[in-house]
Number of protein chains: 2
Amino acid sequence: MATRISDLKPTTESASDTPEAPVRLAHADSFDALLATIADRPKRVSNRKQDRSKRTAQQIMNAALRVFARDGISRPKIADIAAEAGVPTSTLYDYYKSKEELASEVPLSYLAAFFSKYRDAVAGVTDARERILLYMSMSADFARENAEWARLFYLEIWPSVFVNDTEELRHSIDDFARVLVLLIRQGMDEGAWSAMRDPYETAAILIGGLNQVIITWILYRRPRNLTKAGTAIVERILNLLAEELRVEQSARNAPRRR
Amino acid sequence: MATRISDLKPTTESASDTPEAPVRLAHADSFDALLATIADRPKRVSNRKQDRSKRTAQQIMNAALRVFARDGISRPKIADIAAEAGVPTSTLYDYYKSKEELASEVPLSYLAAFFSKYRDAVAGVTDARERILLYMSMSADFARENAEWARLFYLEIWPSVFVNDTEELRHSIDDFARVLVLLIRQGMDEGAWSAMRDPYETAAILIGGLNQVIITWILYRRPRNLTKAGTAIVERILNLLAEELRVEQSARNAPRRR
DNA sequence: GGACAAGTCCGATAAAAACTCGGATTGCGT
DNA sequence: ACGCAATCCGAGTTTTTATCGGACTTGTCC
């Protein structure tokens, strides 16, 4: 008999790990803790029993990525994706209960890969500035390496109301910002930039600026070298922030300045 | 007999006004010219003959906005929108040939309203910095005033692959960035910030940062006062940029600084 | 290494949604 | 107030999504 996705009960929000609990330890420790939480979050890759099935699942995911990247999420029919994957439509329903679910599964698996990659790369780095620079350069580079995924993720998924419907994907995207805010707080403690500013506002400038560059690259393949341009804009912003601190300090020493 | 949207020929890209021609006059003049071009662009509001029909079209647009803002673009059925508008489904097809077209018409009409509003407000302002501040504060304020539209526009439409399919909407969104880049160039000429930086990069920081704030507000209604927060982040970035120029200048005067 | 149970695949078919048609009705100029 | 074009809308048709259940595979236990 068929094992349909829709037969499974909605996995009642694994209550064991605390998904929302705001990590509020010393920033140094909580950074590792946060990364660990995030890297483990999306673990249900495929609970299929047979190898054959895992291959099919992969085929479908790859096909979906290609099709979504080419035509967006709403236009392609389920049948198109099934055809691209080389399986009958009904088989696709054995794996994913709807197009929406399929469209959120793909980004999730890549996002998990990114976080785990960053976790490895950041291992020896302790400086907040360096950590941020690495984080964001790697984001840009990851988008360049996985251009089809990037197109799907940056243009269709993030930001989209649709995100609100997919608990798990929503968390993962929030995590992205959460890491950055944490690092900005760390930098405040270290005196790398002003501690008087709203860290969320600072995060908005960093994420917003970089995303804008990534999105422009996705749409127009300009600037040519995304990795370089991404690193450049982040460095520029970080320098601006460092300068902002310097000005604040000298203003405090010589109040009647200007 | 029915007059169906699908009967009309695809209006072959009015060749009269040059939509792509990059305006390259002195920045001062081209600003007015650009705004004029933009404000006139989306003029095919409704070529219906009867008043009754214009009312119906408005009803449908309003209903679509409410429904899209609530449930996104892909999930609602055409029938839902028709029901919300209080007309039979088939009538909706007399006005818009598909859900996609409907979903692009709504943002267009609002965007046109914004540009025209800005055009009036900026009339007396000549300073690049002030023009940008006004432009972006008004963007934030416009989003706050038209929260349903903003949800649709920022979360679903911009950026979306879907934009690429709708020539007209695509232009309007490009225009938004084009105005900003022009103003940044003007500011370079005026010595308000560094002329050595890529204006597109600078624009990315401004637009990206502000959009990030707007999107956060749409999703979480935080910060509470969007207008204030939007103005604040733009002012902060503009100050950062002014400081950047100062540092560059003093570095040139005393090269061995640091 | 064979048999049997669970797991996977897929053609046929039902259900839902998108879209069309053409006549009935209404608005508007004369 | 008449006539004709413009608009409206109920009743279909076509396209797309989703389900069902049996045929076929795979892994495993003896």
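- Here Thr56(B) reaches the OP1 or OP2 of dC8(D): one of its side-chain N or O atoms lies under 4.0 Å away.
- The aromatic rings of Trp149(B) and Phe142(B) stand perpendicular to each other, their planes meeting at an angle above 60°, with 30° marking the opposite boundary.
- Figure legend: cation-pi geometry between Arg221(B) and Trp217(B), with NZ or CZ positioned under 6.0 Å from the six-membered ring centre and within 45° of its axis.
- Contacts of Asp141(B) classified as side-chain hydrogen bond (donor to acceptor under 3.5 Å, both in side chains), with partners at least two apart in sequence or in another chain: Arg144(B), Thr227(B).
- The nearest whole Å value for the distance from the OH atom in Tyr96(A) to the C1' atom in dA18(D) is 17 Å.
- Summarising the geometry, the separation between CG on Asp94(A) and P on dG11(C) is reported as 13 Å, rounded to the nearest angstrom.
- Comparing dC10(C), dC21(C), dC8(D) by their closest approach to the side chain of Thr91(B) singles out dC8(D).
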What verdict does the ring-ring contact (aromatic ring centres under 6.0 Å, His included) test give for Phe176(A) and Tyr135(A), after you've listed the backbone C-alpha separation in whole Å, the side-chain angles of each residue and the deciding distance to 0.1 Å? CA-CA 10 Å; Phe176(A) 190 89; Tyr135(A) 191 53; 4.9 Å; yes
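- Residues satisfying the side chain to side chain contact (heavy atoms under 4.5 Å, CB included) criterion with Thr216(B), sequence neighbours excluded, are Tyr220(B).
- One interatomic measurement links the two molecules: CD1 of Ile60(B) to P of dC9(D), which rounds to 10 Å at whole-angstrom precision.
- Contact annotation: side chain of Ser53(A) to base of dG7(C), donor-acceptor pair absent below 3.5 Å.
- In this entry the distance linking CZ of Arg55(B) with P of dA6(D) reads 17 Å, nearest Å.
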At under 4.0 Å between heavy atoms, how does the protein contact nucleotides 25-30 of chain C? Give one character per nucleotide, 5' to 3', with B, S or -. -BSS--
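- With sequence neighbours left out, the salt bridge (charged side-chain N to carboxylate O under 4.0 Å, His left out) criterion links Glu156(B) to no other residue.
- Whole-Å rounding puts the Leu92(A) CG to dT16(D) P distance at 16 Å.
- Using modelled atom types, no side-chain atom of Ser137(B) and backbone atom of Leu134(B) make a donor-acceptor pair closer than 3.5 Å.
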Table of protein N/O atoms under 3.5 Å from nucleotides 14-18 of chain C N/O atoms:
| unit_1 | atom_1 | unit_2 | atom_2 | d |
| --- | --- | --- | --- | --- |
| dA17(C) | OP1 | Lys77(B) | NZ | 3.4 |
| dA18(C) | OP2 | Ile78(B) | N | 3.1 |

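- You'll find the side chain of Val213(B) stays beyond 4.5 Å of the side chain of Tyr200(A), heavy atoms only.
- Regarding Lys54(B), its NZ atom lies at a distance of 12 Å from the C1' atom of dA6(D), rounded to whole Å.
- At least one side-chain nitrogen or oxygen of Arg48(B) sits closer than 4.0 Å to the OP1 or OP2 atom of dT7(D).
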Solution key, residues 63-72 of chain A side-chain donor-acceptor pairs under 3.5 Å, sequence neighbours excluded:
| unit_1 | atom_1 | unit_2 | atom_2 | d |
| --- | --- | --- | --- | --- |
| Arg66(A) | NE | Glu84(A) | OE2 | 2.7 |
| Arg66(A) | NH2 | Glu84(A) | OE2 | 3.3 |

